[in-house]
Amino acid sequence: MRYSVFEHSLPLATSEAPLAEVAAIFDASIARYNVLATISTYRGAKGLVMNFIASDPRFAGKIIRVGHEFDQYFLVHLKNHMDFQPYSSSYRATVLSAVRGVLSYAVVNSFYGYRGFLDVVLDPTFRETAMRSSFSDNEFQQFDKALDDEIAFVESNLMAGYVPSGKGVPPEFIGTRFAPGWSDDEDNLKWWFENKLGCKAFVHSKTMSNAQKKFYFAAKKHGGIRVLFLRWGVILGIDAFVIIPFMFKLVTWTGLNATPAQSLKTNDYIKSHPLTGKPCIYYWKQRGQGDTDLHEGLLTAHLEKVSAETKDVMPLEEKQSSNIEKIWIRVLDITRPIRSELTESEEDYLFIYMPTYGRAAGQVRNLLQPNKCMHDWCRYMVEKYDLRDDRGDLLEINISRLRPSLVSKLMSAGVDISVIQAILGHSDVITTMRYIDKHNFAPKARREIHKCLSNIRKNREDQVRQPKQIAVGKTNDPSIIFTTATALCLDVYNPPARVKKATGWIEGQACTNFNMCLRCSKVVILEEHLPRLLAMRRGYKFSLENGAGATTHRAVLIQNLSVLDGILGENSDFSHSVLSKANQQSRNLEVYVDPFLVRGKYEQV
DNA sequence: TTCTTAGTGTCGTTAAGTAG
DNA sequence: CTACTTAACGACACTAAGAA
């Protein structure tokens with residue numbers, strides 16, 4: 001039996017349409033999906049399969065019947081074919097996965113009696129282009145400076161504006177026409193523009209007012225309205241290139257993905273979140289099926305589900321929010337004139353513009369995809385500012401590179417992974433870690449650990465050589481010695497800036513951020529601390545091995561564990577006998593795993 | 001007619017999530 | 001975790017259509 005229960009809706013391949021059956025199983029499979037991105041992925045796979053069949057001698061001149069010519073080895077053939085094409089590893093995996101999905105669906109529904117297929121194992125995927133990779137520090141600085149320059153340029157154009165001149169004289173009329181000669185004087189046109197058109201620019205359209213029409217025709221002898229407006233400093237419109245730099249600037253501060261940035265609404269910036277009192281941004285997000293967006297864990301307090309819709313919340317740190325606020329207010333200012341043109345049914349997007357030319361001239365637009373302006377603007381920027389990558393080639397700019405660049409910046413600023421996680425809007429810190437791994441930030445983490453260890457060693461040597469009063473600080477009471485769970489503190493009233501910025505630090509009070517000790521420059525670790533540190537290490541290992549750390553604080557555990565390994569491991573500064581004695585003592589200690597994440601705050605580098 | 005700029009479809013790549 | 005699926009995003013060629 002070759003046909004399925006769907007028989008009535010499935011066409012048969014004929015000599016006129018030899019691929020009809022293949023197309024049909026794809027179409028039926030595609031119909032399962034309703035997310036546009038997925039549908040287009042499957043359509044792409046369909047196209048590729050069609051081309052493959054059309055070009056492969058195996059199928060030449062045949063009618064392709066599913067289950068016969070299109071047999072159980074099809075996926076294997078396709079993979080072999082793709083292996084010889086210059087496709088990226090990711091694309092291979094994507095296409096093969098989609099085709100596998102189609103075949104499985106055909107099997108499940110027994111389309112054309114298709115019974116089964118030989119599956120293939122996908123190859124590992126690699127990053128093969130710079131498309132969405134982080135800028136290097138140098139590249140980022142270059143771009144950021146160009147961005148600032150461009151914003152200044154846009155601002156100066158906007159600010160120049162039109163200054164009413166008071167020149168010219170009112171026209172005489174003959175009937176409804178201007179008296180001959182009046183419009184030859186450009187100043188007279190200025191008079192009309194200032195007194196009859198309210199100094200407002202316009203573009204040619206069918207809906208021009210009579211006053212505008214008169215001006216339009218009179219302007220022709222002076223080169224046309226565009227030329228006049230340009231010469232007079234009249235802003236024709238808030239076009240895409242005026243508004244895009246502000247969006248890019250916002251993304252350098254937020255790391256938003258393209259679509260969420262493009263779909264920000266005017267009221268998505270909240271100065272004081274109802275729960276936390278902290279500034280935040282509400283942003284649209286499709287991933288995570290909407291109702292699973294809510295972050296769990298320690299950051300829950302910052303985050304609130306906005307509605308049943310797909311919106312997420314990005315908590316903002318001080319510096320970040322003040323920069324964002326500036327951009328936000330400026331964009332609202334700039335777009336105010338065109339915002340009033342929005343009809344009630346149109347969405348109140350933050351980033352809107354009004355093209356001054358072409359098909360959409362005079363209409364309010366937003367930057368949601370598909371929109372080519374962004375791409376055009378990137379090219380314009382690279383050329384205008386001659387931006388170069390580290391190899392000296394023209395820099396590849398797109399908005400998606402700013403996200404990993406922000407992460408890179410945060411990493412080198414020593415911002416904790418949990419904060420990065422919140423900023424990126426990942427529901428699981430594992431995703432953040434994977435992100436960081438993929439982007440090759442690991443060396444930075446290693447440098448961090450190395451720094452911690454050499455600091456610890458230096459402090460210990462100093463302390464052993466010349467013991468200091470510990471924790472005198474502002475109390476002036478030398479009898480107070482601060483011992484955290486794991487170490488001594490050199491100056492509990494004056495920790496490094498990074499610790500001061502962390503949650504829980506109150507000026508004038510002793511530092512209680514014990515969880516940051518291992519990475520603090522004031523830490524002193526002596527022989528007496530070893531048992532507790534050994535217990536701590538045991539706890540971390542246990543936690544990691546048993547999966548407890550797999551979903552929550554894994555990154556912090558791993559990083560602290562690396563530091564602990566440095567202190568207690570094979571290359572320890574402590575002698576073998578000291579360590580083994582400490583090990584004995586540690587058996588009686590409770591396993592200690594710090595339940596809190598190390599908190600940092602965002603700093604600009 | 002030519003110039004501009006927006007809009008569309010297709011191809012290709014990578015990120016982000018899930019199942020087991 | 002690995003292996004895989006699904007979503008997101010960019011480049012680009014080409015088309016549309018009004019303005020000059």
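Just so it is clear, the structure is predicted and the values come from calculations on it, not from any experiment. So you know, we letter chains A, B, ... as the sequences are listed, proteins then strands, and number each from 1.
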Checklist entry - How far apart are the closest heavy atoms of A:Y353 and A:A240, and which atoms are they? => result CD1-N, 3.3 Å
Checklist entry - So, for A:I397 and A:F248, which heavy atoms are closest and what is the spacing to 0.1 Å? => result CG2-CE2, 4.2 Å
Checklist outcome for this item: Symbol by symbol from the 5' end, with Watson-Crick or G-U pairs under 3.5 Å, [ ] crossing and | another strand, DNA chain B is ||||||||||||||||||||
Item to check | Phosphate OP1/OP2 of B:dG9 contacted by A:S40 side-chain N/O (<4.0 Å) | outcome: no
Checklist outcome for this item: Considering only heavy side-chain atoms of A:R365, the closest of C:dT6, B:dA6, C:dG10 is B:dA6
Item to check | Residue A:P355, side-chain atoms from C-beta onward, closest of C:dT6, B:dC11, B:dA6 | outcome: B:dA6
Checklist entry - Are any of A:Y33's side-chain N or O atoms less than 4.0 Å away from OP1 or OP2 of C:dT6? => result yes
Next on the checklist: Given B:dT13, C:dG10, B:dA6, identify the nucleotide with an atom nearest to the side chain of A:Y91.
Outcome noted: B:dT13
Checklist entry - Reckon A:S89 touches a base, only the sugar-phosphate, or nothing at all at heavy-atom distances under 4.0 Å? => result nothing
Next on the checklist: Can you see if the side chain of A:Y216 gets near the phosphate of C:dA19 - specifically, an N or O under 4.0 Å from OP1 or OP2?
Outcome noted: no
Next on the checklist: Please enumerate all residues that pass side-chain contact (heavy atoms from CB on, under 4.5 Å) together with A:D185, with sequence neighbours excluded.
Outcome noted: A:D187, A:N188
Checklist entry - Between A:Y385 and A:Q142, is any side-chain donor less than 3.5 angstrom from a side-chain acceptor? => result no
Checklist entry - Between C:dT5 and A:S97, is there an OP1 or OP2 to side-chain N/O distance shorter than 4.0 Å? => result yes
Item to check | Donor + acceptor pair across side chains of A:T335, A:R339 (<3.5 Å) | outcome: yes
Next on the checklist: Just the rounded figure in Å: distance from C1' of B:dT13 to CD of A:E396.
Outcome noted: 12 Å
Next on the checklist: Among A:Y216, A:F178, A:F215, which residue satisfies the ring pair (Phe, Tyr, Trp, His ring centres under 6.0 Å) criterion with A:W192?
Outcome noted: A:F178
Next on the checklist: A cation-pi test, strictly: NZ or CZ of A:K265 under 6.0 Å from the centre of the six-membered ring of A:Y282 and no more than 45 degrees from its axis. Yes or no?
Outcome noted: no
Next on the checklist: Once you apply a heavy-atom cut-off of 4.0 Å, does A:F241 come out as touching a base, just sugar-phosphate, or nothing?
Outcome noted: nothing
Next on the checklist: Quick check on B:dG9: is either OP1 or OP2 less than 4.0 Å from any side-chain nitrogen or oxygen of A:R43?
Outcome noted: no
Item to check | OP1 or OP2 of B:dG12 under 4.0 Å from side-chain N/O of A:R92 | outcome: no
Between the protein and nucleotides 12-17 of chain C, are there any N/O to N/O pairs under 3.5 Å, and if so, what are the atom names and distances?
| from | atom 1 | to | atom 2 | distance (Å) |
| --- | --- | --- | --- | --- |
| C:dC12 | OP2 | A:R379 | NH2 | 2.5 |
| C:dA16 | N3 | A:R359 | NH2 | 3.2 |

Item to check | Side-chain donor-acceptor pair present, A:S29, A:R32, cut-off under 3.5 Å | outcome: yes
